[in-house]
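Structure record follows, encoded as structure tokens.
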Amino acid sequence: MGTPYFVIILLAIALLFIGISHVIRGVGDKHSRGWARGFSIGAGALAIVLSFFIMFAPHFGAAVVGVILGIALLIIGIEIIVSGISGRKMSMMPSRRMDH
């Protein structure tokens, strides 16, 4: 198969793990808004589909791997920005007040 195809398969496997982690985070995150959770699940599902597509068609993946990975990373980047915008504001101070 050759080194280039091996690297493409490794990139597809990495994209698969990224997609799985985004789906799990979207399903398990009960504090985010519904649209942010939905976008996380959708971006993860798209990453999973693209990774399987690249793994099962490495010749096609070799021809357009840059475009496919670029699109996948763009969508995941947008999902991360949306998650950051919709997230709760975190306080740097302890939430417990100590009275003297």
Side-chain angles (χ1 to χ4, degrees):
M1 208 168 163
T3 304
Y5 292 115
F6 179 72
V7 171
I8 290 169
I9 297 297
L10 286 179
L11 289 172
I13 291 170
L15 189 60
L16 176 66
F17 284 120
I18 290 170
I20 291 170
S21 70
H22 281 268
V23 169
I24 290 172
R25 187 181 72 195
V27 170
D29 187 13
K30 303 297 182 197
H31 300 291
S32 292
R33 295 179 182 151
W35 59 272
R37 290 177 58 206
F39 196 80
S40 178
I41 294 169
L46 181 62
I48 292 169
V49 169
L50 285 174
S51 71
F52 279 123
F53 186 69
I54 294 170
M55 282 190 275
F56 292 123
H59 296 293
F60 179 75
V64 294
V65 71
V67 174
I68 291 174
L69 287 175
I71 291 170
L73 291 173
L74 178 67
I75 291 171
I76 289 171
I78 292 169
E79 187 267 329
I80 290 170
I81 291 170
V82 167
S83 178
I85 290 172
S86 68
R88 293 184 302 174
K89 187 175 182 179
M90 297 181 70
S91 175
M92 297 301 289
M93 301 299 291
S95 61
R96 212 166 99 188
R97 186 175 170 193
M98 298 177 69
D99 292 329
H100 295 286

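In this chain, residues are counted from 1 in sequence order.
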Exercise. What is the distance from atom CZ of Phe17 to atom CD1 of Ile48, rounded to the nearest 0.5 Å?
Worked result: 11.0 Å

Exercise. How far apart are the closest heavy atoms of Gly19 and Ala47, and which atoms are they?
Worked result: CA-CB, 3.7 Å

Seminar exercise, completed: Between Met55 and Ile13 the two heavy atoms that sit nearest each other are SD-CG1, 4.0 Å

Exercise. What is the minimum heavy-atom distance between His22 and Ser40, and which atoms define it?
Worked result: O-OG, 2.9 Å

Problem set entry | Joint hydrophobic cluster, Phe56 plus Leu16, side-chain heavy atoms closer than 4.5 Å | yes

Exercise. Between Phe53 and Ile18, is there a shared hydrophobic cluster once you connect ILVMFWY residues whose side-chain heavy atoms come closer than 4.5 Å?
Worked result: yes

Exercise. With a 4.5 Å heavy-atom cut-off, do Leu50 and Leu15 have their side chains touching?
Worked result: yes

For this session: Kindly work out whether a path of hydrophobic side-chain contacts (I/L/V/M/F/W/Y, heavy atoms less than 4.5 Å apart) joins Phe52 to Val49.
Result: no

Problem set entry | CZ on Arg25 to CD1 on Ile20, rounded to 0.5 Å | 14.5 Å

Exercise. Do you know the tightest heavy-atom contact between Ala12 and Ile54?
Worked result: CB-CG2, 3.7 Å

Exercise. Between CD1 of Ile41 and CD1 of Ile24, what distance do you get to the nearest 0.5 Å?
Worked result: 11.0 Å

